[in-house]
A.B. asks: 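Following this message is one structure expressed as structure tokens.
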Number of protein chains: 2
Amino acid sequence: MIDTLRQHITDRLGNNVDDKLELVLSCFEPIIIDRNQFLLKEGEVCKYVYFIAKGCLQVFVYDNDLNETTRDIVTEGTWCSELMSFGSGNPATENIRTVEPSELLAIDKPNFQKMMQTVPQFEKVYKQLLETSYANSVYRINTFVALSALDRIKWLMKYRPKLMTRVSSKLIASYLGINKDVFSRLKAKL
Amino acid sequence: MIDTLRQHITDRLGNNVDDKLELVLSCFEPIIIDRNQFLLKEGEVCKYVYFIAKGCLQVFVYDNDLNETTRDIVTEGTWCSELMSFGSGNPATENIRTVEPSELLAIDKPNFQKMMQTVPQFEKVYKQLLETSYANSVYRINTFVALSALDRIKWLMKYRPKLMTRVSSKLIASYLGINKDVFSRLKAKL
DNA sequence: TAAAAATGTAGACTTTTGTCATCGTCGAAA
DNA sequence: TTTCGACGATGACAAAAGTCTACATTTTTA
């Protein structure tokens with residue numbers, strides 16, 4: 001499992017972390033987890049940043065009627081956390097749950113900070129993570145706000161085609177901000 | 001004009017920057033600018049971070065039919081930029097335009113980086129700016145995706161009531177992701 | 001100051017989206 | 001194996017949102 005993360009890091013930072021790489025990896029705790037398990041509930045403090053070696057996570061909020069709105073669906077090879085809560089120690093506003101049985105590598109804040117201090121390149125990781133997350137959010141706002149339900153579906157099929165077959169229609173609908181019945185109908189028309 | 005920024009910084013960083021404060025302020029260039037002027041067009045590189053001493057800016061994108069989708073409306077006392085472009089030097093994906101005659105304080109990247117190196121506290125500014133921007137985006141996604149047009153209007157009246165009277169209906173509608181005619185009708189029903 | 005352009009409102013109408021009920025399938029659990 | 005529940009598809013209908021036109025008002029600009 002740890003190989004996936006080793007690969008991920010060397011891909012990004014090149015070979016100039018070779019000597020520190022194993023130290024970094026030793027800060028992560030492997031987690032094997034079933035599907036439909038909560039990694040974070042809103043109101044709790046987010047204590048970890050997760051690297052997804054295998055599987056799929058859902059980041060979402062509940063509205064007043066307990067309907068879910070999914071902000072992100074994250075799969076293997078990427079990071080997942082609730083960065084505002086992780087960074088500030090304030091209660092999280094979002095929930096994180098496994099969509100599939102997953103294999104994760106978790107780093108807690110003390111280790112995260114230790115890494116930031118001892119491995120200079122690791123500082124970049126957090127900044128990159130934050131910048132990427134921000135860029136994704138901005139992109140999502142600019143893309144989705146003006147699109148019709150049908151165009152959102154087309155967008156998903158173009159940019160994240162694997163999701164369509166991998167996760168449930170209910171989940172996708174909550175990600176696209178569409179009613180699930182509407183999603184079912186529109187999908188049939190493509 | 002510069003007083004507004006001086007106040008803003010001391011409010012946030014306290015008095016422990018007193019000795020460096022004037023150095024920091026000297027890195028900003030004052031800009032007096034009319035309404036409806038572009039500060040950034042998508043495709044260009046964003047060269048500045050702006051502090052709004054007075055006035056109002058719109059951050060937006062065009063769709064294929066040249067309709068505008070507004071991601072943010074920013075008023076005095078806050079920062080505005082296209083951070084991804086400013087940080088990476090890649091072309092911006094968004095436009096920034098003045099909504100009112102405005103007074104801005106602009107810092108370019110060389111000065112920004114010089115400040116990051118010479119004034120340790122300034123490092124915080126960028127991180128805070130990024131984190132705040134990210135938090136706003138996440139909040140906006142989670143709030144807006146599931147809300148009806150009417151509930152979006154109510155949200156705006158609750159959290160940014162002054163905007164309703166300050167800027168045009170057209171602009172607000174493009175911010176809320178609502179057709180302007182629909183916005184006009186719904187507003188009348190409140 | 002007058003002409004031109006942009007804005008806000010309103011009604012009639014169309015299209016899109018949401019809601020509800022039903023039904024068949026599939027997989028998990030008893 | 002049987003039963004139960006979650007899921008996805010579909011039809012009928014309701015509600016919400018979008019489009020188009022017209023018109024009055026305000027704002028810009030010449």
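Computed from a predicted structure; not experimentally measured. The figures here come from the full heavy-atom set of this structure, side chains too, leaving out hydrogens, waters and symmetry mates. Chain identifiers are assigned alphabetically (A, B, ...) following the order of the sequence lines, protein sequences preceding nucleic acid strands; residue numbering begins at 1 within each chain.
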A.B. asks: Could you tell me how far apart A:Ile153 (CD1) and D:dG8 (C1') are, to the nearest whole angstrom?
C.D. replies: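 From A:Ile153 CD1 to D:dG8 C1': 14 Å.
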A.B. asks: Quick check on the hydrophobic clustering: are A:Val125 and A:Val119 connected, directly or via other members, by side-chain heavy-atom contacts under 4.5 Å?
C.D. replies: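 Linked within one cluster.
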A.B. asks: Heavy-atom count around B:Lys54 NZ within 6.0 Å, excluding the residue itself: above 12?
C.D. replies: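 Open: at most 12 neighbouring heavy atoms sit under 6.0 Å from NZ of B:Lys54.
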A.B. asks: Heavy atoms under 4.0 Å, any strand shown: does B:Arg35 hit a base, just sugar-phosphate, or nothing?
C.D. replies: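 B:Arg35: backbone/sugar contact only, no base atoms under 4.0 Å.
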A.B. asks: Counting only non-hydrogen atoms, which of residues 58-74 of chain A are less than 4.0 Å from DNA chain D?
C.D. replies: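 By residue number: none to list.
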A.B. asks: Taking NZ from B:Lys189 and C1' from D:dA16, how many angstroms apart are they, rounded to a whole number?
C.D. replies: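 Value for this atom pair: 9 Å.
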A.B. asks: Does A:Lys47 come within less than 4.0 Å of A:Glu29, counting only side-chain N to carboxylate O?
C.D. replies: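 Judged by the 4.0 Å cut-off on N to carboxylate O distance, A:Lys47 and A:Glu29 do not form a salt bridge.
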A.B. asks: Between B:Arg152 (CZ) and D:dA16 (P), how many Å, whole number?
C.D. replies: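 Computing the B:Arg152:CZ to D:dA16:P distance gives 14 Å.
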A.B. asks: Calculate, to the nearest 0.5 Å, the distance between atoms NZ and CD belonging to A:Lys124 and A:Gln128 respectively.
C.D. replies: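 The distance works out to 7.0 Å.
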A.B. asks: Quick one: do B:Leu40 and B:Leu83 end up in the same hydrophobic cluster if we chain Ile, Leu, Val, Met, Phe, Trp and Tyr together by side-chain heavy atoms under 4.5 Å apart?
C.D. replies: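 No; tracing contacts between hydrophobic side chains, which count when under 4.5 Å, never links both residues.
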A.B. asks: Ring-plane angle category for B:Tyr175 and B:Trp155, please: parallel below 30°, perpendicular beyond 60°, tilted otherwise.
C.D. replies: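 Tilted, since the angle between the ring planes falls between 30° and 60°.
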A.B. asks: Could you state the atom-to-atom distance from CG of B:Leu171 to P of C:dA6 in whole Å?
C.D. replies: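 Roughly 16 Å, once rounded to whole Å.
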A.B. asks: Reading nucleotides 9-26 of chain C from the 5' end, what letters show protein touch, with B for base, S for backbone sugar-phosphate only, - for no heavy atom under 4.0 Å?
C.D. replies: BB-B----SBBB------
A.B. asks: If hydrophobic clusters are built from ILVMFWY residues whose side chains come within less than 4.5 Å, do A:Leu25 and A:Met116 share one?
C.D. replies: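 Yes: a chain of side-chain contacts under 4.5 Å links A:Leu25 to A:Met116.
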A.B. asks: With A:Tyr62, which residues qualify under ring pair (Phe, Tyr, Trp, His ring centres under 6.0 Å), at least two apart?
C.D. replies: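 Per chain and number, A:Tyr62 pairs via ring pair (Phe, Tyr, Trp, His ring centres under 6.0 Å) with A:Phe60.
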